[in-house]
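In what follows, a single structure is set out as structure tokens and then discussed.
Side chains are part of it too, since the values below use all heavy atoms of this structure and drop only hydrogens, waters and symmetry mates. Remember, it's 1-based here, ligands and their atoms both numbered in the order they're listed. Residue indices begin at 1 and follow the sequence shown.
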Amino acid sequence: MQKKMVLPGDVLSTEEEFEPGKNAFVEEGNVYSAAVGQPEVNEKQKSIDVKPEKPLRLLSEGGIVFAVVVLVKENSVNVSIMQNPEKGNSPVINQRHAMLPIRNVSRQYVESLRDNFRIGDLIKAKIARAGPLGIDLTTAEPGLGVIKAFCTRCRHPLHLFGRTLKCLGCGHTERRKVSKDYLLK
Ligand SMILES: [Zn+2]
């Protein structure tokens with residue numbers, strides 16, 4: 001059995017090979033994951049599902065987490081936490097839902113969340129509040145924000161040139177709340 005982790009926006013197969021099952025969707029002939037988890041092929045139905053990862057324990061306020069953007073709303077971003085770096089070099093193991101409210105994005109005024117985050121972006125964030133009602137994150141520090149983003153046109157990873165993110169696949173340029181630790185420069 002292959003233990004492979006996929007993120008929202010990752011290509012799972014072509015539409016000719018498999019139909020999208022649970023937590024998957026089709027766009028322009030490809031089947032994409034809509035969740036953080038492991039792909040599972042259903043041979044009978046010729047479909048591919050993504051089985052979501054189990055929740056993670058022991059998250060405390062002030063801790064740094066990595067998370068994937070799953071939904072961008074008007075006043076908040078929903079993310080799935082993927083890893084607890086305080087546990088050392090363990091690979092990407094878990095996920096848990098958390099929220100980034102618009103007031104926590106930056107010290108500067110943020111007009112639109114969609115100018116700062118898109119579905120599938122990988123972010124580095126700090127836990128601002130962890131309680132029974134959920135986890136609030138913050139990215140209002142230079143080291144926090146998006147560390148890997150994908151082209152909204154063709155889904156190639158974006159590279160950072162100065163303060164602009166550029167797609168080497170189609171040439172499109174985009175904006176994000178970029179961390180100083182952005183991965184592709
Ligand atoms: Zn592109």
Is [Y] paired with [X] through a side-chain N to carboxylate O contact shorter than 4.0 Å?
{"X": "R155", "Y": "E27", "answer": "yes"}
{"X": "K148", "Y": "D121", "answer": "no"}
{"X": "R129", "Y": "D136", "answer": "yes"}

ring-ring contact (aromatic ring centres under 6.0 Å, His included) pairs, two or more places apart, involving residues 117-171: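 Pairs touching residues 117-171 that pass the test: none.
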
Set out, in order, the CA-CA distance, both residues' side-chain angles and the distance that settles side-chain contact (heavy atoms from CB on, under 4.5 Å) for T139 and N104, then state yes or no. CA-CA 6 Å; T139 57; N104 287 3; over 6 Å; no

Nearby protein N/O/S atoms (those under 2.8 Å) for the Zn ion (ligand 1), with water ignored: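 Protein N/O/S atoms under 2.8 Å of the Zn ion (ligand 1): C151 SG, C154 SG, C167 SG, C170 SG.
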
Any side-chain heavy-atom pair of L158 and R176 under 4.5 Å: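 Yes, side chains in contact.
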
